[in-house]
Protein chains: 2
Amino acid sequence: MTDLSRATALLTIDVGAVVANWKRLSALVAPAEAAAVVKADCYGLGMAHIAPALFAAGCRSFFVACVEEGIALRRCVPGAMIHVLNGPLGGDEAEFAAHGLIPVLNSLAQITGWSSFAKKGSGAPAVAVHIDTGMNRLGLSEPELERLAAKPEILAAMRPILVMSHLACADDSDSPLNARQLTTLRRLASHLPALPQSIAASSGIFLGRGFHLGLVRPGAALYGLNPMPGRPNPMSQVIKLQGKIVQVRDVDSPMTVGYGATHRVEGKRKLAIVAVGYADGWFRSLSNRGHGMIGGMKVPVVGRVSMDLTTFDVTDVPVEHAHPGGLIELIGPGHGPDHVAEEADTIGYEILTALGRRHHRRWTGAEGAAS
Amino acid sequence: MTDLSRATALLTIDVGAVVANWKRLSALVAPAEAAAVVKADCYGLGMAHIAPALFAAGCRSFFVACVEEGIALRRCVPGAMIHVLNGPLGGDEAEFAAHGLIPVLNSLAQITGWSSFAKKGSGAPAVAVHIDTGMNRLGLSEPELERLAAKPEILAAMRPILVMSHLACADDSDSPLNARQLTTLRRLASHLPALPQSIAASSGIFLGRGFHLGLVRPGAALYGLNPMPGRPNPMSQVIKLQGKIVQVRDVDSPMTVGYGATHRVEGKRKLAIVAVGYADGWFRSLSNRGHGMIGGMKVPVVGRVSMDLTTFDVTDVPVEHAHPGGLIELIGPGHGPDHVAEEADTIGYEILTALGRRHHRRWTGAEGAAS
């Protein structure tokens, strides 16, 4: 969208804050390397705007989920190391080679498939090996690693540059699984050649230096989500979402509001109808539970969030703020994505990745990002 | 996405089924006109593919939410009547004129603003007037209508072609609000010139002929959602979503699965990890609750849905189906969006509008749509 006057909502993304977050983490983990996880279009915030700024700030290793994202990222950061977490899905190996993407190999089947592919080419392409240490999602199991170690010719066709694993409970620093996974990684990695290791994503970084190993893979923390739920957020906030008021409605007799008549107004109230709904990623689960901010005041969502509209009770807000064409802040510094997520009964990650396509998006702070 | 081999998921949209649904509703409501609600990119299914097929089938009136959508729709269906439900938001009136968009005017403020704008131009542009009859969202209130009736010069600058309202509880045929809103519309419309009226969206159509008036505005029903929750769905299913299996994991000792270790495997199980997660609109609320279909069998989501991956228990599925590169049906004919919505604790509408951008999308059936 190009014209603010016709926008229904304004999403401001502070690229400078993303870069500042990366720099803070990079300094925290040095001499370990800080990569950047930019999958899902930088958690919905715009890879094409953010990845080049991170590269300019010194970030050299990036992680995406799938090969399509890797191809798009290659256009943004020609000189970066791009890891593709899914690895090859069968038939797309040539895409990895063509775009210089590093597959994360998650199973013996992926490794042997890649080995066959690599033997047909020249040189030994770089790969990362993913070991499962207790997540039971992607990654090689111990029996697979033993079988791999027994056939060194499989890995001979490629050049492993990283061994990685993934913590299941990193956001709970009390979980005994964290230390157990770290120990398991060290033990299982002995089946492979000596390589830089990585186990920590955003939350894992804050479990302590022992988890930093050779490389850390922050994603959420770069985008301002709190890597330590329940404790003060050490990261800078990145996004602000403002929805435009379509209509302000005065109600003075008892009546219900919205679909399903789930909210009842008893006395004189003033309602602001905002042009943002669940089709914009403003979750329907915020119905009668979410909040916005306007003129420094917190205003509640009343009634059900509908597809394109949400109603707020703005009775106590001065008219100079609550008027048609005005803006209600739905997500912002004092009311960040983690907070909205609590109200929507999910996590901040899902609030970010759901951010809608109808928002007028504005990226700020990128110019100073590389300094 | 252009190459299926590198796709993480395949979303098939049966445009022919959308057109068949529109034709069925059109026949049901005749001689009333059946419009099509195509806002939010046809509820996430692709306006550029669907709107022209509907136009070719005879649909002439379309509804979108905002002016940006109207401009995009004008490119798809040059000859259509395009209503913009938000109406002008201040400063964007010229866009309506430039693209031949019909504003739905929702408040006295919007009407007077539009009147001032229209007086500057030549001719009297077509508008729709939205009356609130109990939804308390957008629409003129009775006091506003009285003030408007007292100043006929305001409407003189424009050409009202439709008066509309919106039912709050149409999906509950027992709600007394339905008949009350219809009566209120008829009473309040008397403040305006005699015009075609509209109150029914998808569910409203099935409340009976009295609700059809001059025009009905189906959206959800076109896209296969059930307009009569709790009763058999009269509409054809439109979408199928298949996610690709990245890895199949054999587990044979007790362990937990996924983030937060929320699912515990006790015996020998087989898990399939699929490359679809909440960043693709496969809601995190499906964690430990959702299902997929593979080889004719229903398979449960185990553990938490993560951003790019979901794990299914495929222990009982023959290996010829559950293998890396194979597909698990996440949404399909026997497991439609309404059903997935129940498991995700929302409504089918939100399942559709959240459908992700990483899916490889395929539109079928459009060729026969105009017949």
Side-chain angles (χ1 to χ4, degrees), chain A residues 1 3 5-6 8 39-40 44 65-68 85-87 89-92 95 106-107 109-110 134-138 141 168-169 177 244 246-247 249 251 255-261 265 271 273 275 278-279 284-285 303 306-309 311 324-325 345-347 349-350 353-354 357-358, chain B residues 1 3 5-6 8 39-40 44 65-68 85-87 89-92 95 106-107 109-110 134-138 141 168-169 177 244 246-247 249 251 255-261 265 271 273 275 278-279 281 284-285 303 306-309 311 324-325 345-347 349-350 353-354 358:
Chain A
M1 293 189 186
D3 184 345
S5 76
R6 64 194 200 194
T8 50
K39 60 195 171 79
C66 60
V67 69
E68 289 281 346
L85 290 161
N86 283 352
L89 297 186
D92 56 354
E95 304 280 0
N106 297 293
S107 64
Q110 276 190 333
M135 180 80 171
N136 275 302
R137 203 177 52 172
L138 300 181
S141 64
C169 298
L177 200 54
K244 198 175 278 182
V246 181
Q247 182 171 356
R249 167 176 297 285
V251 176
M255 47 181 76
T256 58
V257 176
Y259 281 118
V265 174
L271 306 177
I273 293 93
Y278 59 75
R284 189 168 173 274
S285 55
S306 46
M307 187 178 292
D308 317 289
L309 298 167
T311 302
D345 200 19
T346 183
I347 54 175
Y349 299 64
E350 194 174 24
T353 58
R357 281 154 278 186
R358 291 189 294 200
Chain B
M1 294 188 186
D3 184 343
S5 75
R6 63 194 200 192
T8 50
K39 61 194 171 77
C66 59
V67 69
E68 289 281 345
L85 290 160
N86 284 351
L89 298 187
D92 56 353
E95 303 279 1
N106 298 292
S107 64
Q110 277 191 332
M135 179 80 170
N136 276 301
R137 203 177 51 172
L138 299 182
S141 64
C169 299
L177 201 53
K244 199 176 276 181
V246 181
Q247 182 171 357
R249 167 177 298 284
V251 176
M255 47 182 77
T256 58
V257 176
Y259 281 118
V265 175
L271 306 177
I273 293 91
Y278 59 75
R284 189 168 175 273
S285 55
S306 47
M307 187 178 292
D308 317 289
L309 298 167
T311 302
D345 200 19
T346 183
I347 54 175
Y349 298 65
E350 194 174 23
T353 58
R358 292 190 294 200

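All chains are named by letter (A, B, ...) in the order of the sequence lines, taking the proteins before the strands, and each is independently numbered beginning at 1.
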Could you report the tightest heavy-atom contact between [X] and [Y], atom names first, then the distance?
X      : Y      : answer
B/M255 : A/N136 : SD-ND2, 2.8 Å
A/A40  : B/D308 : CB-OD1, 4.3 Å
A/N86  : B/A275 : ND2-CB, 3.7 Å
A/T8   : B/C66  : CG2-CB, 3.5 Å

Practice item. Using a strict 4.0 Å threshold on nitrogen-to-oxygen distance, state whether B/R284 and A/E350 make a salt bridge. Key: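 Judged by the 4.0 Å cut-off on N to carboxylate O distance, B/R284 and A/E350 do not form a salt bridge.
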Heavy-atom distances under 4.5 Å only: say whether [X] touches chain A with side chain, backbone, both or neither.
X      : value
B/L89  : both
B/T256 : both
B/V251 : side chain
B/L85  : neither
B/V257 : both
B/L138 : both

Working to the nearest 0.5 angstrom, can you tell me the gap between [X] [atom1] and [Y] [atom2]?
X      : Y      : atom1 : atom2 : value
A/M307 : B/I347 : CE    : CD1   : 7.0 Å
B/M135 : A/S306 : CE    : OG    : 5.5 Å
B/T353 : A/R357 : OG1   : CZ    : 8.5 Å
A/R358 : B/E68  : CZ    : CD    : 11.0 Å

Review point. Would a 4.5 Å heavy-atom cut-off, applied to side chains only, mark B/S141 and A/R249 as touching?
Key: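 In short, these two side chains touch, coming nearer than 4.5 Å.
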Practice item. Verify, without hydrogens or angle tests, whether A/E95 (side chain) and B/R6 (backbone) share a donor-acceptor contact under 3.5 angstrom. Key: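 Not at all, since once roles are kept as given, no pair shorter than 3.5 Å links the two residues.
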Practice item. Look at B/D345, B/V246, B/T346 and state which one has the largest set of heavy-atom pairs under 4.5 Å with chain A. Key: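 Greatest number of close heavy-atom pairs with chain A: B/V246.
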**Study point:** Partner chain A: residue of B/G90, B/G258, B/A279, B/C169 with the largest heavy-atom pair count (under 4.5 Å)
**Key:**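 Result: the option with the highest number of such pairs is B/G258.
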Review point. For A/R137, is it the side chain, the backbone, both or neither that has a heavy atom under 4.5 Å from a heavy atom of chain B?
Key: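 Answer is both: backbone and side chain atoms of A/R137 are under 4.5 Å from chain B.
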Check your understanding: With only heavy atoms counted, which part of A/T311 is less than 4.5 Å from chain B, the side chain, the backbone, both or neither?
Key ->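 Looking at A/T311, just its side chain touches chain B.
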